[in-house]
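Counting starts at 1 for both ligands and their atoms, in listed order.
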Amino acid sequence: MSRPLRLGVNIDHVATVRNARGGPHPDPVRAARLAAEAGADGITAHLREDRRHIRDGDIDRLMAEVALPLNLEMAATEEMLAIALRHRPHAACLVPEKRTEVTTEGGLDVAGQYKHLVRHVEELGAAGVRVSLFIDPEAAQLDAAKALGAPVVELHTGAYCEARGEEQRRELERLARAAAYAEAIGLECHAGHGLSYSDVGPVAAIPTIVELNIGHFLVGEAVFVGLGNAIARMRSAMKAARAQA
Ligand code: PXP
């Protein structure tokens, strides 16, 4: 029997729309409550240095008002470490962050930044926060994540989502190989970035991936069909693919 596959709903882009006008609407915390009612397993939010989507007050409210576990995406900076240690969310996903990027462009270079990351992973872990590292699907990054002592990795699916044809098949193979290797070395494996109805199936079918984090596409679809319906359809696409795996 296949392992369950969790869905973490990233609500950042509800906040992006709110921030476009500066007022309180639409409220990302309301979206998180709705996601919980629609069957999400967790909420993901990325507190960026420039606060372009989720802001500090949103994190306070997500922790206080939403029953689902929060996965806080964050850069490995002193500021973010202090915030995460203050809130102690269920999980923290360390991501690379560039001020000028539109979205998280690639995975964290865990192998290259080992010395810098080690204290972040240790302090978060000691505070009871489940640390995951957002990485490209490469064995060297998985080995470095394992050596750092992080219990979880999240594989960046962006290259797979953007590729087409033969190239997309190769990217899918890279994800499947990395996910199998993660399990072999004792890392829990998540995946996300850029996933939509049309490309989630093959990733959901990779049996050693146990969580997908999806945001931008769901928030966009919510404009047309409502967030609850978008989440329900994503869940059923994930479930159908998983059942056939
Ligand atoms: N996982 C991580 C680590 C991310 O940084 C993001 C984007 O914030 C996502 C998942 C979700 O990506 P998308 O919004 O493209 O679905």
Ionic contact status for D56 with R51, cut-off 4.0 Å: yes
Polar contact flag for E154 and ligand 1 (N/O pairs, less than 3.5 Å): yes
Whether F134 lies under 4.0 Å from ligand 1, heavy atom: yes
Atom indices of ligand 1, in the order listed, that fall short of 4.0 Å to a heavy atom of V95: 3 (C)
For I214, the ligand 1 atoms whose distance to one of its heavy atoms is below 4.0 Å: 16 (O)
Residue from R130, R3, K146 passing salt bridge (Lys or Arg N to Asp or Glu O under 4.0 Å) with E188: R130
N/O separation below 3.5 Å, N213 to ligand 1: no
H193 and N213: side chain donor to acceptor below 3.5 Å: no
Winner among A191, S132, G215 once heavy atoms are compared against atom 16 (O) of ligand 1: G215
Residues D199 and S196: side-chain donor-acceptor under 3.5 angstrom: yes
Flag if over 12 foreign heavy atoms under 6.0 Å of CZ, R242: yes
Selected option - heavy-atom contact closest to atom 2 (C) of ligand 1, from E211, E73, H193: E73
Residue G194 vicinity, atoms of ligand 1 by number, heavy atom under 4.0 Å: 12 (O), 13 (P), 15 (O), 16 (O)
N71 versus T44, side-chain donor and acceptor atoms under 3.5 Å: yes
